[in-house]
Every structure is written in C-alpha cells, then in structure tokens.
Amino acid sequence: LDPINKTEAELEDILHHTLLDDEDLSAETICLLEQISNNLQPMMDDKRTKITEEHFRSFYKCTPEDKSASPSGLHLGHYKSAASNDTFSFVLWSIICMAYQNSFCLDRWKLSATTLLEKIPGFPKIHKFRTIHIIESDLNFVMRFIWGREFMAHNEQNDGFHDNQYGGRKGRQPQSAILNKVLTLDIIRYNAEDAGLIDNDAKACYDRVLPYLTAFMLRRLGMPYFLSRFMCTVLQDMEYKIKLSTGMTKSYSNKDRDIF
C-alpha cells in the first residue's frame with residue numbers, strides 16, 4: 001500500500017481494491033478501503049494547488065520575524081529579505097514550486113528540530129511532554145498554504161468534514177465544543193434524565209497515524225495524487241533532532257522504523 005513507489009493509476013486501483021487480491025487482505029483492510037472509496041470528495045481545483053509568487057511574498061511580509069524558523073540555520077529574516085527582492089523572491093518561489101509539484105523533498109526540508117515542552121511545569125515526566133517540531137520555514141509555508149488554507153476551504157465548500165469537528169476549522173473554536181458539552185450536561189441535569197457520557201482520548205494519536213493511510217484519506221477528501229505523495233515523501237525522508245539548551249542531539253529518521 002506504499003503510495004510513494006506507485007503510480008496514480010495504481011493507487012486508484014488499490015483504493016477501489018481492484019489491483020490487490022482480496023485474499024491477501026484482511027477483512028478490516030477491505031472494509032476500510034470500501035469506506036474510503038464510497039465517500040470520495042471532488043478533487044481540488046488546480047488553482048487551489050498552485051502557489052503564486054504573490055502568495056509567497058505576502059506570507060513572509062505578514063510573518064513576525066521573532067518566530068522560530070529553520071533547523072538549517074536560516075533565520076526568518078533571510079526569507080523576509082528574499083521575499084522583498086524581485087530576483088531572490090522569484091528564484092526561491094520557483095524552487096519551492098518545482099519541488100512540491102514533483103513530490104520532491106529538498107535537503108533542507110529533511111530536518112526537524114524537535115522541542116519538548118512540559119505539560120505540567122516543574123514536572124519533567126517522560127510521558128508528559130508536548131512535542132513541537134520546527135521544520136524549515138519555506139516547507140512550513142507550503143504546508144500552511146495548501147493544507148491549512150486551500151485544502152480546508154475545499155472541504156468546507158464540499159461538506160467534507162463532520163459537523164462535530166471543531167478544531168482547525170474557520171469560524172469554529174474548540175471552546176465551542178466544550179460549551180456544547182457543558183450545556184448538554186446542564187440540560188440533562190435540569191430534566192433529571194438518565195444519561196451516560198463517554199470520552200475517548202487516543203493517546204499519542206498523531207504519532208501513531210500511518211503515512212500511507214493518511215495518503216488514502218487525503219485522496220478521499222480531494223487531495224491530488226502528487227500532493228499526497230509529496231507529504232509521504234517528506235515524512236519518509238525527515239530526520240529529527242531534539243533541541244536542548246546545550247545543543248542538538250544526533251538525528252534519527254523514519255527510515256529506521258517500519259512506518260510505511
């Protein structure tokens with residue numbers, strides 16, 4: 001099911017489980033593929049997947065310079081200066097577009113500076129850290145523009161999200177979900193009704209998501225093949241270093257683990 005080493009046609013066949021012999025797949029896998037293929041969203045318009053030079057320049061014009069930017073050592077000021085110059089802006093924008101449109105990961109995009117923040121200040125327990133990955137500034141720009149802006153807008157327009165999803169959606173806040181829960185409990189208490197409430201929290205859920213499964217889910221929500229493949233390529237090639245007050249640790253890579 002590896003999406004990196006397969007063509008778009010092969011992935012479509014896998015999605016509709018016509019390329020693989022069903023006897024080689026578990027019942028759960030077949031059920032998952034059926035659920036994905038039966039709920040396909042329209043493909044994103046080409047204009048939503050294209051980044052213009054003006055988008056690039058506007059992003060860095062509005063980005064504060066004091067933010068942590070790039071593990072490569074480039075300061076955000078370097079990008080802001082490049083974006084304000086016609087020649088440098090065109091060159092850097094062209095490199096970015098050629099890379100993501102061909103599902104290619106630049107060398108400077110392959111490093112993540114990982115910072116661990118204490119969830120409980122003063123209690124540095126190993127299972128109570130919040131992981132923050134600092135990736136290269138221009139890669140962050142691509143992800144924020146296509147995934148965070150255009151992809152989300154496409155699915156808002158085509159009702160790709162469940163109504164109960166609040167996080168990351170324009171016009172919605174996580175606090176609204178909490179308020180609805182509190183109001184529901186108040187109504188139940190006021191009416192003296194019997195009720196049960198179950199909260200399921202998937203531990204380290206983002207760390208456990210399989211990249212190839214993510215690629216199929218993105219396809220279901222209308223993400224073009226080359227962008228899904230680009231995301232998987234970045235995840236496969238990414239190397240991580242933990243950022244400490246004394247410096248950076250040695251790197252470890254997803255290639256050392258069987259995540260695909």
Side-chain angles (χ1 to χ4, degrees), residues 1-19 32-60 62-63 83 90 92-106 109 133 135-172 205-206 209-238 260:
L1 298 179
D2 179 4
I4 295 180
N5 298 316
K6 290 190 170 55
T7 65
E8 181 174 5
E10 287 176 331
L11 282 180
E12 290 297 316
D13 288 338
I14 291 175
L15 191 61
H16 296 88
H17 60 94
T18 58
L19 181 65
L32 176 62
L33 291 175
E34 288 178 347
Q35 289 294 322
I36 295 175
S37 60
N38 290 335
N39 295 279
L40 293 179
Q41 296 293 325
M43 194 68 72
M44 291 175 64
D45 297 335
D46 289 342
K47 63 180 181 180
R48 288 195 179 277
T49 63
K50 291 182 179 179
I51 298 176
T52 66
E53 186 179 359
E54 183 58 33
H55 290 145
F56 173 76
R57 303 184 74 159
S58 297
F59 174 81
Y60 282 106
C62 301
T63 303
F90 176 78
L92 189 53
W93 164 74
S94 299
I95 293 174
I96 292 172
C97 289
M98 285 188 290
Y100 87 85
Q101 289 175 358
N102 291 280
S103 305
F104 179 77
C105 183
L106 301 176
W109 291 353
H133 294 292
I135 59 177
E136 195 68 21
S137 179
D138 51 350
L139 174 59
N140 185 46
F141 158 65
V142 174
M143 295 295 185
R144 288 181 62 177
F145 181 82
I146 294 181
W147 273 263
R149 173 178 158 176
E150 299 300 328
F151 179 65
M152 294 295 291
H154 169 76
N155 279 279
E156 291 286 1
Q157 181 180 350
N158 293 280
D159 297 326
F161 300 124
H162 194 280
D163 190 55
N164 287 337
Q165 180 174 337
Y166 285 83
R169 298 182 64 180
K170 188 175 182 180
R172 297 200 180 197
C205 59
Y206 286 105
V209 174
L210 298 176
Y212 69 80
L213 178 59
T214 304
F216 284 115
M217 295 306 296
L218 288 174
R219 169 63 189 89
R220 183 184 75 81
L221 294 172
M223 181 70 72
Y225 164 75
F226 75 93
L227 288 175
S228 300
R229 188 168 182 262
F230 169 71
M231 185 206 68
C232 287
T233 302
V234 170
L235 290 176
Q236 184 187 50
D237 294 343
M238 186 71 72
F260 286 91

> Would Ser103 and Tyr225 count as a side-chain hydrogen bond (donor to acceptor under 3.5 Å, both in side chains) here? Give the steps.
CA-CA 9 Å; Ser103 305; Tyr225 164 75; over 6 Å; no
> Specify the closest pair of heavy atoms between Ser228 and Met223, including all atoms of both residues, with the distance to one decimal.
OG-CG, 3.4 Å
> How far apart are the closest heavy atoms of His154 and Leu221, and which atoms are they?
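What the structure gives for the nearest pair is CD2-O, 3.5 Å.
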> So, for Leu218 and Phe151, which heavy atoms are closest and what is the spacing to 0.1 Å?
CD2-CZ, 3.8 Å
> Please name the pair of heavy atoms, one in Thr214 and one in Met231, separated by the smallest distance, quoted to 0.1 Å.
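Of all heavy-atom pairs spanning Thr214 and Met231, the closest is CG2-CE, 3.6 Å.
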> Under a 4.0 Å threshold between the charged nitrogen and the carboxylate oxygen, would Arg169 count as salt-bridged to Asp163?
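The answer is no: the pair does not qualify as a salt bridge.
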> Taking C-beta and beyond as the side chain, do Tyr100 and Leu139 meet within less than 4.5 Å on heavy atoms?
no
> Assess the pair Phe230 and Phe226: is the distance between their ring centroids shorter than 6.0 Å?
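No - the distance between ring centres of Phe230 and Phe226 does not fall below the 6.0 Å cut-off.
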> Please name the pair of heavy atoms, one in Ala153 and one in Arg48, separated by the smallest distance, quoted to 0.1 Å.
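The pair with the smallest heavy-atom distance is CB-NH1, 3.5 Å.
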> For Arg144, look at atom CZ and say whether over 12 heavy atoms of other residues, nucleotides or ligands are found less than 6.0 Å away.
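Not more than 12 within 6.0 Å, no.
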> State, yes or no, whether a side-chain contact exists between Ser94 and Phe90 at a heavy-atom distance under 4.5 Å.
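Result yes, sub-4.5 Å side-chain heavy-atom pair found.
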> Quick one: are Trp109 and Asp237 in side-chain contact, heavy atoms under 4.5 Å?
no
> Measuring from Ile95:CD1 to Asp138:CG, what's the distance to the nearest 0.5 Å?
9.0 Å
> Side chains of Phe145 and Thr52: closer than 4.5 Å at any heavy-atom pair?
no
> Between Asn158 and Gln41, which heavy-atom pair has the shortest distance, and what is it?
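Minimum heavy-atom separation between Asn158 and Gln41: O-OE1, 3.1 Å.
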> Would you say Ile51 and Trp93 make side-chain contact, with heavy atoms under 4.5 Å?
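They are in side-chain contact.
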> Between Phe56 and Phe141, how do the two ring planes meet: parallel, tilted or perpendicular, split at 30° and 60°?
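Rings of Phe56 and Phe141: perpendicular, as their planes differ by over 60°.
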